[in-house]
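Ligands are counted one by one from 1 in listed order, and the atoms in each one are counted from 1 as well.
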Amino acid sequence: MTSNRRIRIGIIGSGAGSNARALCCYALGVNSAFEVALIMSTSLRAGILGVAKEYSIENNVLKTGTTENELATEIMSCVAAYRIDVLVLAGFMRLLPMSVINDLHGHVMNIHPALLPAFGGNGMYGIRVHEAVIASGATESGATVHLVSEKYDEGSILGKAHVAVFANDTSATLQERVKEAEMALYSRVIQQFAQKLQRGSTLDCSMSQFPKYLVTF
Ligand code: GRF
């Protein structure tokens, strides 16, 4: 069954909020198939909370030092209160409890600042990723959007954006270029995902390989 209802996303992160800003901005467009219902952060000082304020989005600061069960309960109570269809991770530094992924029928995604499966996994985050790419001598990097599974950066890939790595790049200049690509990629993947949900497609997020990439550029 097709529906025109906008898919409600909840963003969760503790970073500067560039991806959250890009998503809030995209969601303002008349053709957006999704709206940002809530921004959750694990840090009171995170830039992402400033984005919530800027776009008048409801926000929630998650408690720190909680057990996995407590974190799951807190997230799921936000999901219920704000009727969230899809949870979008953007700089979330903890491993998401498996119960959250199951309760959301696998409708949980993350963005990683490299071309997975390369340069992913536990401990690969932030500037470290770009340092590793440069150290490897790779001539290409990018961003990957993937479904979240019980292992870091291993869920089915939904989209990729490629960027060149130049000989004179530093980890900082590469990070900047990748961030630009991330901001364009995330909105496009979520738009496609939301449109599929609107069309009532059964998204079997438990499959080891999602049918095909939603977006690649
Ligand atoms: C992004 O680089 C994303 O790939 C990673 O965390 C970072 C969050 O940055 N998962 P921002 O908060 O969106 O600026």
Side-chain angles (χ1 to χ4, degrees), residues 9-27 34 36 38-55 57 59-62 64 75 86-96 100-101 108-134 138 140-163 165 169-190 193 213-217:
I9 70 165
I11 306 175
I12 176 166
S14 57
S18 356
N19 281 290
R21 180 176 286 106
L23 294 174
C24 289
C25 187
Y26 187 97
F34 66 88
V36 183
L38 179 68
I39 291 181
M40 284 170 270
S41 178
T42 40
S43 163
L44 195 56
R45 290 182 298 280
I48 198 169
L49 291 176
V51 175
K53 199 167 170 199
E54 203 179 309
Y55 286 87
I57 307 284
N59 68 84
N60 183 280
V61 181
L62 297 167
T64 51
I75 293 174
V86 181
L87 194 58
V88 170
L89 275 51
F92 182 60
M93 303 307 286
R94 284 184 70 171
L95 195 58
L96 199 69
V100 172
I101 301 167
V108 183
M109 58 181 83
N110 180 44
I111 190 159
H112 183 77
L115 297 173
L116 292 175
F119 306 107
N122 199 1
M124 285 301 259
Y125 60 86
I127 200 75
R128 291 182 190 190
V129 177
H130 309 291
E131 284 166 357
V133 170
I134 287 178
E140 188 181 61
S141 190
T144 307
V145 176
H146 62 94
L147 291 173
V148 174
S149 67
E150 72 281 8
K151 292 197 181 140
Y152 280 109
D153 306 326
E154 286 192 16
S156 302
I157 290 172
L158 300 180
K160 282 187 177 183
H162 299 248
V163 304
V165 179
D169 260 330
T170 62
S171 49
T173 58
L174 180 58
Q175 183 177 45
E176 205 175 313
R177 190 172 317 111
V178 169
K179 194 61 93 65
E180 289 293 323
E182 285 184 39
M183 292 190 290
L185 177 69
Y186 223 177
S187 316
R188 285 167 64 175
V189 171
I190 295 172
F193 195 86
Y213 292 178
L214 295 176
V215 176
T216 181
F217 60 90

What distance do [X] atom [atom1] and [Y] atom [atom2] have between them, rounded to the nearest 0.5 Å?
X      : Y      : atom1 : atom2 : value
Leu49  : Ser43  : CG    : OG    : 7.5 Å
Leu115 : Glu140 : CG    : CD    : 5.5 Å
Leu116 : Glu154 : CG    : CD    : 9.5 Å
Glu182 : Gln175 : CD    : CD    : 8.5 Å
Ile11  : Ile39  : CD1   : CD1   : 4.5 Å

Which protein heavy atom lies closest to [atom], and at what distance to 0.1 Å?
atom                    : value
atom 7 (C) of ligand 1  : Gly91 CA, 4.2 Å
atom 5 (C) of ligand 1  : Ile111 O, 3.7 Å
atom 14 (O) of ligand 1 : Ser18 OG, 2.4 Å
atom 9 (O) of ligand 1  : Lys179 NZ, 3.5 Å
atom 4 (O) of ligand 1  : Glu182 OE1, 2.8 Å
atom 12 (O) of ligand 1 : Gly17 N, 2.7 Å

Margin query: Assess the residue pair Phe34 and Tyr26 against the criterion (ring pair (Phe, Tyr, Trp, His ring centres under 6.0 Å)); give the C-alpha distance rounded to whole Å, side-chain angles, the decisive distance to 0.1 Å, and a yes or no.
Written below: CA-CA 9 Å; Phe34 66 88; Tyr26 187 97; 5.5 Å; yes
Item checked: Ser14 side chain vs Gly91 backbone, donor-acceptor pair below 3.5 Å ->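 Yes.
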Next item on the list: Say whether, by atom type as modelled, one donor and one acceptor occur between the side chain of His112 and the main chain of His146 under 3.5 angstrom.
Entry: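 No, His112 side chain to His146 backbone: no donor-acceptor pair under 3.5 Å.
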Is any N or O atom of [X], backbone or side chain, closer than 3.5 Å to an N or O atom of ligand 1?
X      : result
Asn110 : no
Ala90  : no
Ala20  : no

Notebook entry, point to check: So Leu23 and Tyr186, side chain to side chain contact (heavy atoms under 4.5 Å, CB included) or not? Walk me through it.
Noted result: CA-CA 7 Å; Leu23 294 174; Tyr186 223 177; 4.1 Å; yes
Which of the numbered atoms in ligand 1 are below 4.0 angstrom from a heavy atom of [X]?
X      : result
Pro113 : 4 (O)
Asn19  : 1 (C), 13 (O)
Gly15  : 12 (O)

Margin query: So, 4.0 Å and heavy atoms of Ile48: is ligand 1 close enough to count as a contact?
Written below: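 No, Ile48 has no heavy atoms under 4.0 Å from ligand 1.
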Next item on the list: Report yes or no: does Gly13 have a heavy atom closer than 4.0 Å to ligand 1?
Entry: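 No, Gly13 has no heavy atom closer than 4.0 Å to ligand 1.
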